[in-house]
Amino acid sequence: MIRFRQILWFSGLVVVSACTKPENRLPEPAPEPFTVTAPENLGKTVPFPDRNPFTREGILLGRKLFYDPTLSANNKISCATCHAPQKAFTDGLALGTLGVSGKALHRNAPTLQNLAWHKGWFWDGGAKDLESLNFGPLKHEDEMGQDLNELVTELKNNPEYAPLFKAAFPQDSISTITLTRALAQFQRTLISANSRYDKYVRKEGGKLDEQELEGLTIFQQKCSSCHATDFFTDFAYHNNGLDNTFPDDFEAVAWGRGRISEKPADIGKYKTPTLRNIALTAPYMHDGRFKTLAEVLEHYNSGVKKSATLDAELQKNPMPGIALTESEKTKLIAFLNTLTDPEFVNNPDFLPAR
Amino acid sequence: MKTPRRFSRLLALALPFSFVFMSLSCGEDPEPQPAPPVVNDPRMVVNFSHEVDGQPLEFNSKEYTNAAGNKYNVTLLKYYISNVTLTNSENGEVFKEKDSYHLINPTENKTSFTLNNVPAKKYDRISFAIGIDSAANLSLDQPGDLNPNNDMAWNWNTGYVFLKFEGNNMKPNAADNRAVVLHVGHNVNYKIVTFPITGDVTFAPDKAFNANIRVDANALLESPNVIDFNLITNVMGGPNAAKVAENYSDGMFSLIEVKQQ
């Protein structure tokens, strides 16, 4: 009997130990939910799609991917090549030539800031969310020129990435989907709201001098119908009179919003760009045609061209455009310079990990 | 006292087996066990056969003539079939496949898909869409056949290409040949087609059906809108895309038969 009991005991022990092993396994560590907030004058909450909530791990992975040249066909170009943080995530060029082919692009590299609030992305709003947008530059032959299957293989072959993807997306593998979701999470954290202007309106000790304050008043009277709210954009599409012909070559790229909506009423319209960090994001307009803010203001003063879709705000006077005296232009530029946000361009959370 | 002893003996015999059994069932790498007899769920395999004038479509090598009299070859034909539905028109019962998005790509031999777990009922209609419904056409970070690595996503204008037809318009002098690229997408071009099923198609466990669908590549260029390659060679949205879409909703697809496997 003792022997049987021993067997029973022993066998039971084995059974128990064999069966408890999986039960004792710790649950997969879940990525840490993370609330990204914005200052009061941007409305505090930061929008994101339900399917891609912020997590600390997702944002950190997105940042690593953003600065990783592996994402391009020749492994030399990262997102930051054309969206450099010191230039408020632009490239300083009218039409970028930094892509894998070296050929000039058809549109100016837009600044990446306060992207979470946009309603359409790219100059024409063609991308319906950031998750979808990322495939544009990744695949475009004159940008990163990347084959998505090759990219996924490269990321899988890089031992650094397996734990990072696992931490950010425990249920999923390394894929085009998790790649773009991580990038989008990081991109939504690129919030600029700490310029001298912000600290002035939030009464956080920021001071504007007399000239800047006069510039602000002129801005509110003459510019803020489109460059609206503290985002300094209405997120809508306007024809600001740069051209009066809109050729249909290069797949009608000159149609702007009209190329997306396929509506004649939208031909020549582009999304109002934000004016935040505007001093850092020259040259200006969707094709970078103006090198300085003075040139931009002179366009509105004397260069606006009439066409069927020219914005009504620019047709209130006998001569199209916005009349500006030299003194007003000087004051406006002084005000626009207060929108530079050094904390944004130097934020270590937005720069490559050390 | 006899019973306990007998019990002990039984235990002595049984325990080593139970040990073996338990360690197998709980171990990391169980040996494969004899599989119980499998009862397959009722299912339907939907096959697409690509043809021109009743003959199998030959990519690249074969020269065809369209209704406009243009000579052409086909290098690529690729499209989404989605939201497959079986209906009983008498009692209104409907089976809708979940997450129903299938990329058909004959150049990569991807010409069928299977509807699994079809309820054991009778159906007399099959319908599906060519394209992607507006709800799924809003973003590209989607798995399976909707993954943008399938080369059917528009990155500059978020959404999917519903159908790609590519080839060459052959001219008497080969140097004059022109590439034909018809890419059709956009919500307005999402088209649903419905076919009546003849015969008794009643699903049951272990019962599988084949639905064989003919796809006439030339019909894409023919009816109701004649696509003349002298006028149209490059379509990416716009009114010409709508013409191609009308064609794929009308006569390009036909149900040949549904029969039990």
Side-chain angles (χ1 to χ4, degrees), chain A residues 1 3-5 7-8 10-23 49 51-52 106-107 120-122 124-140 143 147-152 172 175-181 183-184 248 251-253 259-262, chain B residues 1 4-30 134-144 146-160 181 183 185-189 234-242:
Chain A
M1 281 302 281
R3 220 175 124 223
F4 291 152
R5 270 196 202 133
I7 290 169
L8 183 69
F10 175 72
S11 142
L13 194 72
V14 169
V15 167
V16 167
S17 68
C19 286
T20 49
K21 209 171 163 191
E23 286 165 23
R51 68 183 190 284
N52 191 21
H106 294 293
R107 298 222 180 113
W121 287 259
F122 292 135
D124 55 20
K128 295 194 178 93
D129 54 29
L130 285 166
E131 284 78 0
S132 303
L133 173 143
N134 288 323
F135 297 113
L138 276 171
K139 288 193 69 180
H140 194 288
E143 297 185 49
D147 178 282
L148 295 177
N149 291 321
E150 269 175 36
L151 174 56
V152 168
D172 299 297
S175 71
T176 57
I177 296 157
T178 46
L179 161 82
T180 196
R181 288 186 181 175
L183 279 169
D248 64 0
E251 296 175 15
V253 70
R259 179 185 186 228
I260 301 302
S261 69
E262 297 189 351
Chain B
M1 287 306 285
R5 181 168 290 170
R6 242 161 84 197
F7 178 63
S8 303
R9 275 196 193 135
L10 270 173
L11 263 183
L13 280 170
L15 275 174
F17 289 102
S18 78
F19 166 78
V20 169
F21 178 74
M22 293 305 267
S23 59
L24 276 179
S25 63
C26 297
E28 296 273 322
D29 250 330
S134 58
N137 207 24
L138 286 170
S139 59
L140 303 179
D141 54 326
Q142 302 188 73
L146 294 178
N147 190 317
N149 67 2
N150 288 306
D151 213 18
M152 288 292 274
W154 268 325
N155 306 306
W156 52 275
N157 185 4
T158 303
Y160 291 91
V181 178
H183 289 185
H186 298 142
N187 296 341
V188 66
N189 294 320
N234 194 329
V235 169
M236 233 169 261
N240 288 334

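Throughout, protein chains are lettered first and strands after them, A, B, ... in sequence-line order, and every chain is numbered starting at 1.
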Legend entry - Residue selection (most heavy-atom pairs with chain B, distance under 4.5 Å) from A:T180, A:N149, A:N134: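 Result: the option with the highest number of such pairs is A:N149.
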Legend entry - Largest heavy-atom contact set with chain B, pairs under 4.5 Å, which of A:G136, A:G125, A:P49, A:G120: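 Of the options given, most contacts go to A:G136.
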Inset, instruction - Taking all heavy atoms of B:S139 and all of A:D129, pick out the closest pair and write down the distance. - result: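 That would be CB-OD2, 3.4 Å.
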Inset, instruction - May I ask you to decide if B:L140's main-chain N or O and A:S132's side chain share a donor-acceptor pair within less than 3.5 Å? - result: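 Looks like yes, one N/O pair under 3.5 Å.
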Legend entry - Which residues share a ring pair (Phe, Tyr, Trp, His ring centres under 6.0 Å) with A:F135, sequence neighbours left out: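 So A:F135 forms no ring pair (Phe, Tyr, Trp, His ring centres under 6.0 Å) with any residue.
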Rounded at 0.5 Å granularity, tell me how far [atom1] in [X] sits from [atom2] in [Y].
X: A:R259; Y: B:W156; atom1: CZ; atom2: CH2; answer: 4.5 Å
X: A:K139; Y: B:N149; atom1: NZ; atom2: CG; answer: 8.0 Å
X: A:L133; Y: B:T158; atom1: CG; atom2: OG1; answer: 7.5 Å
X: A:E251; Y: B:N157; atom1: CD; atom2: CG; answer: 11.0 Å

Inset, instruction - State whether a side-chain donor-acceptor pair under 3.5 Å links A:T176 with B:N147. - result: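 The criterion, which ignores hydrogens and geometry beyond distance, is satisfied for B:N147 and A:T176.
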[X] portion near chain A, given a 4.5 angstrom heavy-atom threshold:
X: B:N234; result: neither
X: B:P239; result: neither
X: B:N150; result: neither

Legend entry - Which of B:A153, B:P148, B:G238, B:P143 touches chain A most, by non-hydrogen pairs under 4.5 Å: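 Heavy-atom pair counts peak at B:P148.
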Inset, instruction - Could you tell me which residues satisfy salt bridge (charged side-chain N to carboxylate O under 4.0 Å, His left out) with B:D141, sequence neighbours excluded, listed by chain and number? - result: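 Salt bridge (charged side-chain N to carboxylate O under 4.0 Å, His left out) check on B:D141 returns A:R51, A:R181.
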